[in-house]
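Read through the structure below, which is laid out as structure tokens, and then see the notes.
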Amino acid sequence: MTRIEICNLALGRIGRKAAITSLTENSAEARACARIWDVTRQSLLREYTWSFSRKVELLALSSEAVPGWTYLYAYPTDCLQALRVFSEDTASYRGEQEKWDVITVGNNTFIACDVATAYLEYTCDKTDSDDWTAQFIDCLAWKLAFELAMPLVGDQNLRNSCWQLYTNAGNMAKTTNAAEKNVEAFKERRYIDARM
């Protein structure tokens, strides 16, 4: 689905029958959707580690330095939320994590850590809706409907209903997404290998 189709899905959920064809058209619906689209989409991406938006990247070392940390790495431009810093040696281990922090020096954001060659697992700002799952799109449409209910309809009960339906859709989507990985089995195997 395109972002216009997702906006129209949200508008339909709050009872708006007129569909928009562009976020720049001169209508209250289009202006409201344009105003909340990016912040709502990014907020939902940050709420959970969606498999389609999880990314791993070798970090670029910076020449900047700060006390207390051995290395500063450039914060990836498409990063919405840093999740984990690791080295090649600790890449597949989910137990004890490397220590790291997100800091700002001047106008630039960095990952600070003591890992010589650091990788970052993070939630990326996935803008292409072709990459999203159907469940994520359903959640996003309900969250948009929640945000649009008051400005376009002025109905708090409708807004509350949208929130409840968004919460239900989110729980179902997160359960489905979580079924696509199995890190617990690896943890157990690593423990067994260490004992031998």
Side-chain angles (χ1 to χ4, degrees), residues 1-57 74-85 94 102 109 111 119-185:
M1 291 183 88
T2 67
R3 87 179 152 169
I4 298 302
E5 290 171 326
I6 296 167
C7 286
N8 282 327
L9 182 59
L11 290 167
R13 289 175 175 179
I14 60 169
R16 302 301 272 211
K17 293 184 177 25
I20 62 170
T21 57
S22 165
L23 291 182
T24 58
E25 74 182 43
N26 188 22
S27 70
E29 291 83 0
R31 285 190 299 275
C33 287
R35 192 170 42 253
I36 65 167
W37 174 262
D38 276 331
V39 71
T40 305
R41 177 187 57 78
Q42 289 178 343
S43 171
L44 183 55
L45 284 169
R46 284 181 56 99
E47 281 180 24
Y48 183 75
T49 307
W50 304 98
S51 56
F52 66 84
S53 67
R54 194 172 67 232
K55 188 173 177 179
V56 172
E57 185 173 301
Y75 198 80
T77 56
D78 65 340
C79 181
L80 287 178
Q81 182 170 16
L83 302 171
R84 180 172 78 107
V85 172
R94 301 284 178 165
V102 176
T109 304
I111 302 288
Y119 290 83
L120 178 68
E121 179 179 351
Y122 64 96
T123 298
C124 70
D125 190 7
K126 188 67 84 165
T127 59
D128 186 352
S129 60
D130 288 340
D131 296 332
W132 302 343
T133 63
Q135 291 88 358
F136 178 84
I137 290 170
D138 186 40
C139 277
L140 180 57
W142 278 118
K143 191 164 191 176
L144 289 166
F146 165 76
E147 295 292 346
L148 294 168
M150 286 305 290
L152 293 179
V153 182
D155 186 337
Q156 185 62 46
N157 290 330
L158 175 62
R159 188 171 198 254
N160 293 342
S161 294
C162 289
W163 180 258
Q164 185 60 52
L165 291 163
Y166 158 70
T167 302
N168 294 345
N171 289 338
M172 193 177 311
K174 291 169 187 175
T175 300
T176 302
N177 187 82
E180 292 186 327
K181 60 186 167 193
N182 183 8
V183 295
E184 292 303 317

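This chain uses plain numbering: 1 for the first residue, then up along the sequence. This one's a predicted model, so the numbers in the text were calculated from it and none came from an experiment.
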Return the CZ to SG distance between Arg35 and Cys33, rounded to the nearest 0.5 Å. 9.5 Å

Flag side-chain contact, heavy atom, 4.5 Å: Ile111 against Val102: yes

Once rounded to the nearest 0.5 Å, what's the spacing between atom OG of Ser129 and atom CZ of Phe136? 10.0 Å

Who are the side chain to side chain contact (heavy atoms under 4.5 Å, CB included) partners of Phe146, not counting sequence neighbours? Arg159, Cys162, Trp163

Measure the CZ-SG distance between Arg41 and Cys139 for me, rounded to the nearest 0.5 Å. 15.0 Å

Does any part of the side chain of Leu80, heavy atoms only, come nearer than 4.5 Å to the side chain of Lys126, both counted from C-beta? no

Inter-residue atom distance Asp38.CG - Leu23.CG, 0.5 Å rounding: 9.5 Å

As an exercise, state the distance from CG of Asn177 to CZ of Phe52, rounded to the nearest 0.5 Å. 7.5 Å

Report the distance from atom CD of Gln42 to atom OG1 of Thr127, rounding to the nearest 0.5 Å. 9.5 Å

Contacts under 3.5 angstrom, residues 8-21 side chains, donor-acceptor by atom type, not counting sequence neighbours:
from  : atom 1 : to     : atom 2 : distance (Å)
Asn8  : OD1    : Ile20  : N      : 2.8
Asn8  : ND2    : Ile4   : O      : 3.3
Asn8  : ND2    : Ile20  : O      : 3.0
Arg13 : NH1    : Asp138 : O      : 3.1
Arg13 : NH1    : Asp138 : OD1    : 3.2
Arg13 : NH2    : Asp138 : OD1    : 2.6
Arg16 : NE     : Glu29  : OE2    : 3.1
Arg16 : NH1    : Leu152 : O      : 2.8
Arg16 : NH2    : Glu29  : OE2    : 2.7
Thr21 : OG1    : Glu25  : OE1    : 3.0

Side chains of Ile6 and Trp132: closer than 4.5 Å at any heavy-atom pair? yes

With a 4.5 Å limit on heavy-atom distance, are the side chains of Lys174 and Trp50 in contact? yes

Which residues pass the side chain to side chain contact (heavy atoms under 4.5 Å, CB included) test with Asp128, sequence neighbours left out? Asp130, Asp131

Excluding sequence neighbours, so at least two apart, what forms side chain to side chain donor-acceptor pair (under 3.5 Å) with Tyr75? none

Taking side chain as C-beta onward, heavy atoms only, is Tyr48 less than 4.5 Å from Thr123? no

Considering residues, nucleotides and ligands other than Arg31, do more than 12 of their heavy atoms fall under 6.0 Å from its CZ? yes

Applying side chain to side chain contact (heavy atoms under 4.5 Å, CB included), can you list everything that pairs with Gln164, at least two apart in sequence or on another chain? Asn168

Just jot down the side chain to side chain contact (heavy atoms under 4.5 Å, CB included) partners of Thr40, sequence neighbours excluded, or say none. Ile36, Leu140, Lys143, Leu144, Glu147

